[in-house]
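Notes follow the structure.
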Amino acid sequence: MLDMDPVGSLKKSFATAVNEALRGVGLEPIFKPFHVSRVPKTTDMLGLPVGFKLAKKLGLRPDEASRKVAESLKVEDILYAEEIKPVGGYINLKVSESLFKDVLSLASSGNLGRGVKPDSLKLNFVMVEHTSVNPVHPLHVGGGRNAVIGDSYSRILRFSGYNVTVHYLVNDCNLQVALAAAGRIKARNLKPKGKLDHWFGLIYALANASVEMKELESKLDDKEARREYEDWLEAVNRIREKEPEMVDLILGKVSLEETAELLKRYQRGDEEVKPIFREVAESVMEGFLQTLGRMGIRYDSLDWESELIWRGWTEKALKKLEESGYLGREGKAIYVDLRKALLERDDVRKIFGLSEEQVKELVEEGSLDQVVPQKFYLTRSDGTWLYTGTDVAYSLYKIEGVGVERCYNVIATEQTLEQKQVRASVALMGYSADKIVHLAYEMVNLVGMRMSGRKARYVTLDDLLDEAKAKVKEILSNRGEFSEEEVEEISEKVAVGAVRYALVSVSPIKVIQFSWDRVLDFESNSGPFIQYSYTRALGILRKASKEVVKYDVSLLSSELERELMFKIGEFPEVVRGAIEFMRPDLVSQYANELCMLFNRFYERYKVVGSGEYEPARLALVKAFKGVLGVSMDLLGIPRVEKM
RNA sequence: GGGCCCGUAGCUCAGCAAGGAUAGAGCGGCGGCCUUCUAAGCCGCAGGUCGGGGGUUCAAGUCCCCCCGGGCCCGCCA
């Protein structure tokens, strides 16, 4: 295969050469490619802290140790190396011009880093399960974060050569959907209007209000309960303004008992309730897919929780757990016996980060439940499946039914424990727990507003996109050089870019403090900034309008240009890092840094009409455009021609 | 009570995985730059006990221990 990662190859070969030299003096090889770093303040140097690491072992000063090791290095053994010199405790390497030449050429074609898998993950067929929001109300920003992270991660995996299948688990078998179905039954004659997920979201909220307010009515003396009651009242009144008839039909008429009964019948496949559940779930899903599609997010399959039950995957999972001997029953309630598993199985202990001694001690103290609940329930005592049960069955389906080598579950961090329980169950069913990986992300917090799906109070993804789009339109109108169609197209793309960037650019494990200002800030460190930088590159290429066939890369000798070329060359490493650490935000950060460098270059150096420099600079711009374009594709930030 | 996570500039965040050469961005503040390949940009200034304290190391924002502050989880909810 062609070398799609010149910088990576250089680093690998540098580290290997140094390790060889170490072996020559009787020392263990200790350097890895990632230890090689740029030498600050230089335009063409990479270094390894060889002397520092080995001074003690060799009984020399760091600078002497570096010099000694450097003596046995041969430049010609190292890819793209032109010169090697010890500097203090480091060994530095001057890279050859051909490195930049190769980087630029690969970047221009959009192939830099393509198909390069990290050494730690040599799989082929993988699944990403993401979003999987309950189909009962519109997607809000939290769900959006899930979708954007999952989608970006899928794109990154695909680019790196994995065969990726993307699935959405439609959770249609829980009490939340049953509540919405119960509400729909009361208002069966109302015709849905507007966007379906929004409309059914109101039904869902009213069904909740019925149950909750009845519960609260009996204890209104309590201050807390009173406040909660008034909160519900506020929600109801808000809905009344939009759908007075719906409120009259549903409010006070849905009970928890009938809801539980409905769920029971649905899970059994009762033909009478099936169409109602399906109408709710399918309608809301239709709304979801509309919004997600707008953001460029698509799925290879929607997997219905109900089908997992009806097609026997839940039973199959049960059978496997029964056979392995870790299943327990209390009447119709079924659980996985994690106490037994923790005592007996090393693979299960590993999932919970416990040693055999620790488990024994906890069991003796009787405090195991504090760390890991001993029983992991899969069904309720009425025999209906809990989401945990269908989750275990779903894992089995992923492994056996779809046949993936690994599935990344993009699920909120608050579900960390449940995900460990599921992975333990996977291990007990006889598979490596590593087949199921939790890609955890934190919640999105609203400042100055408490979000609640049940109270129909949320910032929806639709709101966010529309708001962003309106702002883009306003900016475009002030520029006054675009046709109506252009304004429409550009504003949609830029809005998507702004929203996606805002949701993906923060490390997944950090809580996002959502603020409108932040998402609608289109300056540096934003989706629009990246899109804008891209159009600037296109502008140059458009104006130049001739193909670069030959250029002298040594004419790109300024610090800035070198910086930019090194940055471009780092792209494959960034992609690998994003995969290994499940951090698509690394790509967004990279794109941002790349653009900052490019904009500085853009302001400082003329390209078109720069005489002898023109071909080389054009090659650089083309490479930038190539690698930025790919980065944007990986993040789902639409490419914009002009803006 | 137990477990996991977060704490870096006024605010929002990178950098920690894999210790290394002056701790970086954006927003906000102040001051500049559009007859030029798009100013959604660029340049400059101000702003930091990297939560606190110990330790390991030639070297600690990064590793270890303790503490403080915040979040999440510990349901036959999802």
Side-chain angles (χ1 to χ4, degrees), chain A residues 32-35 37-41 47-49 51-53 55-56 61-62 87-90 92 132-134 171 174-176 330-335 352-354 362 367 369-373 375 377-384 386-389 391 412-418 420 440 442-443 445 472 475-476 479 481 494 498 505-507 509-513 515 517-518 521-533 535-544 577 580-581 583 585-586 589 592-593 595-596 599-600 602-610 617 621 642-643:
Chain A
K32 302 266 190 225
F34 53 72
H35 287 122
S37 61
R38 287 281 309 285
V39 179
K41 290 271 173 211
L48 269 175
F52 289 119
K53 300 280 187 218
K56 196 172 267 178
R61 291 200 319 258
V87 178
Y90 297 89
N92 291 345
S132 301
V133 173
N134 277 346
N171 292 288
N174 54 56
L175 286 167
Q176 308 307 309
E330 286 164 2
K332 286 186 186 170
I334 302 171
Y335 61 87
F352 293 97
L354 294 169
L362 286 165
S367 52
D369 259 324
Q370 284 219 334
V371 183
V372 183
K375 295 173 181 175
Y377 283 95
L378 306 177
T379 65
R380 298 184 180 84
S381 51
D382 70 355
T384 55
L386 288 158
Y387 91 109
T388 45
D391 231 9
T413 55
E414 61 188 12
Q415 301 230 40
T416 301
L417 174 60
E418 189 266 355
K420 286 181 182 170
E442 266 292 355
M443 309 303 294
N445 274 350
V472 179
I475 294 172
L476 288 173
R479 299 190 153 199
E481 51 197 272
V494 174
S505 61
V506 178
S507 172
I509 54 165
K510 293 221 190 188
V511 176
I512 290 187
Q513 295 299 337
S515 86
D517 292 352
R518 201 61 198 303
D521 174 4
F522 297 164
E523 290 172 29
S524 281
N525 202 1
S526 76
F529 170 67
I530 285 164
Q531 291 168 314
Y532 180 71
S533 307
T535 63
R536 278 185 144 184
L538 285 189
I540 294 174
L541 297 174
R542 209 166 17 235
K543 186 156 178 192
E580 279 190 272
F581 308 116
R583 297 268 312 268
D585 61 298
L586 296 178
Q589 275 156 31
N592 187 55
E593 285 163 14
C595 289
M596 288 197 300
N599 279 306
R600 281 167 64 192
Y602 181 95
E603 304 266 351
R604 188 151 162 199
Y605 298 102
K606 200 172 174 176
V607 177
V608 179
S610 58
R617 287 181 184 168
V621 173
K642 51 182 178 173
M643 62 189 275

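Each chain gets a letter, A, B and so on, in the order the sequences are listed, and its residues count up from 1. Bear in mind that the values here come from a model prediction, so they are computed numbers and not experimental data.
For A:Arg61, the side-chain contact (heavy atoms from CB on, under 4.5 Å) test picks out A:Asp63, A:Glu64, with sequence neighbours left out. For A:Lys642, the side-chain hydrogen bond (donor to acceptor under 3.5 Å, both in side chains) criterion is met by A:Glu486, not counting sequence neighbours. For A:Tyr377, the ring-ring contact (aromatic ring centres under 6.0 Å, His included) partners two or more places apart in sequence, or in a different chain, are A:Tyr335. For A:Tyr90, the ring-ring contact (aromatic ring centres under 6.0 Å, His included) criterion is met by A:Phe52, not counting sequence neighbours. Residues satisfying the side-chain contact (heavy atoms from CB on, under 4.5 Å) test with A:Leu48, not counting sequence neighbours, are A:Phe14, A:Val18, A:Phe31, A:His35, A:Val36, A:Val50. Listed by chain and number, the residues in a salt bridge (Lys or Arg N to Asp or Glu O under 4.0 Å) with A:Glu442 amount to none (sequence neighbours excluded). Remark: A:Tyr605 pairs with A:Phe601 by the ring-ring contact (aromatic ring centres under 6.0 Å, His included) rule, at least two apart or across chains. Listed by chain and residue number, A:Glu523 satisfy the side-chain contact (heavy atoms from CB on, under 4.5 Å) test with A:Asp521 (two or more places apart in sequence, or in another chain). Residues satisfying the side-chain contact (heavy atoms from CB on, under 4.5 Å) criterion with A:Leu417, sequence neighbours excluded, are A:Phe352, A:Pro373, A:Gln421.
Counting any heavy atom pair closer than 4.0 Å across all strands shown, A:Phe529 reaches sugar-phosphate atoms only and no base atom. Counting non-hydrogen atoms under 4.0 angstrom, A:Ser507 reaches the backbone sugars and phosphates but no base. Residue contacts shown for A:Pro49 include a base, since a base heavy atom lies under 4.0 Å away. Across all strands, A:Asp382 comes closer than 4.0 Å to no nucleic acid atom at all (heavy-atom distances). Among the protein residues, A:Gly47 comes within range of the nucleic acid bases, having at least one heavy atom under 4.0 Å from a base atom. Residue-level contact check: A:Tyr90 touches the bases, meaning some heavy atom is under 4.0 Å from a base atom. Note on A:Val39: a base of the nucleic acid sits closer than 4.0 angstrom, heavy atoms only. Heavy atoms of A:Asn92 sit under 4.0 angstrom from at least one base atom. Contact annotation for A:Glu330: base contact, defined as any heavy-atom pair under 4.0 Å involving a base atom. A:Arg38 comes within contact range of no nucleotide atom at all, as no heavy-atom separation falls under 4.0 Å. Residue A:Gln415 is classed as a base contact, given a heavy-atom separation below 4.0 Å to a base.
For the C1' atom pair drawn from B:rG2 and B:rA9, the interatomic distance equals 36 Å after rounding to whole Å. Between B:rG28 and B:rU12, the distance separating the two P atoms is 15 Å to the nearest Å. The gap from the C1' atom of B:rG52 to that of B:rA60 amounts to 16 Å, rounded to the nearest Å. Comparing B:rU62 with B:rC6, their P atoms sit 13 Å apart, to the nearest whole Å. Atom C1' of B:rC63 sits at a distance of 10 Å from the matching atom of B:rU57, rounded to the whole Å. Taking atom P in both B:rC30 and B:rC67, the straight-line distance is 45 Å, to the nearest Å. Comparing the P positions of B:rG55 and B:rG15 gives an interatomic distance of 29 Å, to the nearest angstrom. Distance check on atom P: B:rG48 versus B:rC11 gives 12 Å, rounded to whole Å.
Relative to the side chain of A:Lys510, the nucleotides B:rU8, B:rC74, B:rG41 differ in distance, and B:rU8 lies closest. For A:Asp521, the side-chain atoms get nearest to B:rG26 when compared with the rest of B:rA14, B:rA78, B:rG26. If you check B:rU22, B:rA40, B:rC42 against the side chain of A:Pro40, the one that comes closest is B:rU22. In the set B:rC77, B:rG15, B:rA40, the nucleotide with an atom closest to the side chain of A:Gln176 is B:rC77.
With pairs defined as Watson-Crick or G-U wobble and both atom distances under 3.5 Å, the stems of at least three pairs that touch RNA chain B come out as B:1-7 with B:68-74, B:10-13 with B:24-27, B:29-33 with B:41-45, B:51-55 with B:63-67.
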Protein-nucleic acid N or O pairs under 3.5 Å, nucleotides 1-3 of chain B:
| unit_1 | atom_1 | unit_2 | atom_2 | d |
| --- | --- | --- | --- | --- |
| B:rG2 | O4' | A:Gln370 | OE1 | 2.9 |

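Atoms CZ (A:Arg600) and C1' (B:rA25) sit 12 Å apart, rounded to a whole Å. Look at CD on A:Gln531: it is 14 Å from P on B:rA40, rounded to the nearest Å. Rounded to whole Å, the distance from CE on A:Met443 to C1' on B:rG70 is 16 Å. Protein atom CG of A:Leu586 is 19 Å distant from nucleotide atom P of B:rG24, rounded to whole Å. Rounded to whole Å, the distance from CG on A:Asn525 to C1' on B:rG26 is 5 Å. When rounded to the nearest whole Å, the span between CG of A:Asn134 and C1' of B:rC77 equals 10 Å. The nearest whole Å value for the distance from the CD atom in A:Gln513 to the C1' atom in B:rG10 is 16 Å. Rounded to whole angstrom, the span from the CD1 atom of A:Ile512 across to the P atom of B:rC13 amounts to 8 Å.
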Legend entry - Full working for side-chain contact (heavy atoms from CB on, under 4.5 Å) between A:Arg380 and A:Leu175: CA-CA 12 Å; A:Arg380 298 184 180 84; A:Leu175 286 167; 3.8 Å; yes

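Taking side-chain N and O atoms only, A:Lys56 has a distance below 4.0 Å to OP1 or OP2 of B:rC58. Between A:Lys375 and the phosphate of B:rG75, there is no side-chain N or O to OP1/OP2 separation shorter than 4.0 Å. Using a 4.0 Å cut-off, no side-chain N or O of A:Ser526 falls inside it from OP1 or OP2 of B:rA40.
A donor atom on one side chain and an acceptor atom on the other are not found under 3.5 Å apart for A:Gln176 and A:Tyr387.
For B:rC58, the base adopts the anti conformation, since its glycosidic angle falls more than 90 degrees from zero.
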Inset, instruction - Can you check each nucleotide of nucleotides 29-38 of chain B against protein heavy atoms at under 4.0 Å and return B for base, S for sugar-phosphate only, - for none, in 5' to 3' order? - result: --------BB

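Taking for each of A:Pro373 and A:Glu580 the nucleotide of RNA chain B with the nearest heavy atom, the 5'-most of the two is the partner of A:Glu580. Each of A:Pro528 and A:Lys53 has a nearest nucleotide on RNA chain B; the 5'-most of these lies closest to A:Lys53.
Open room surrounds CZ on A:Arg600; 12 or fewer heavy atoms of other groups in view lie less than 6.0 Å from it.
In terms of modelled atom types and a separation under 3.5 Å, the side chain of A:Asn592 and the main chain of A:Asn525 share a donor-acceptor contact. A donor-acceptor distance shorter than 3.5 angstrom exists from the side chain of A:Ser515 to the backbone of A:Arg518, with no hydrogens or angles considered. A distance-only check finds a donor-acceptor pair linking the side chain of A:Arg617 to the backbone of A:Lys606 [under 3.5 Å].
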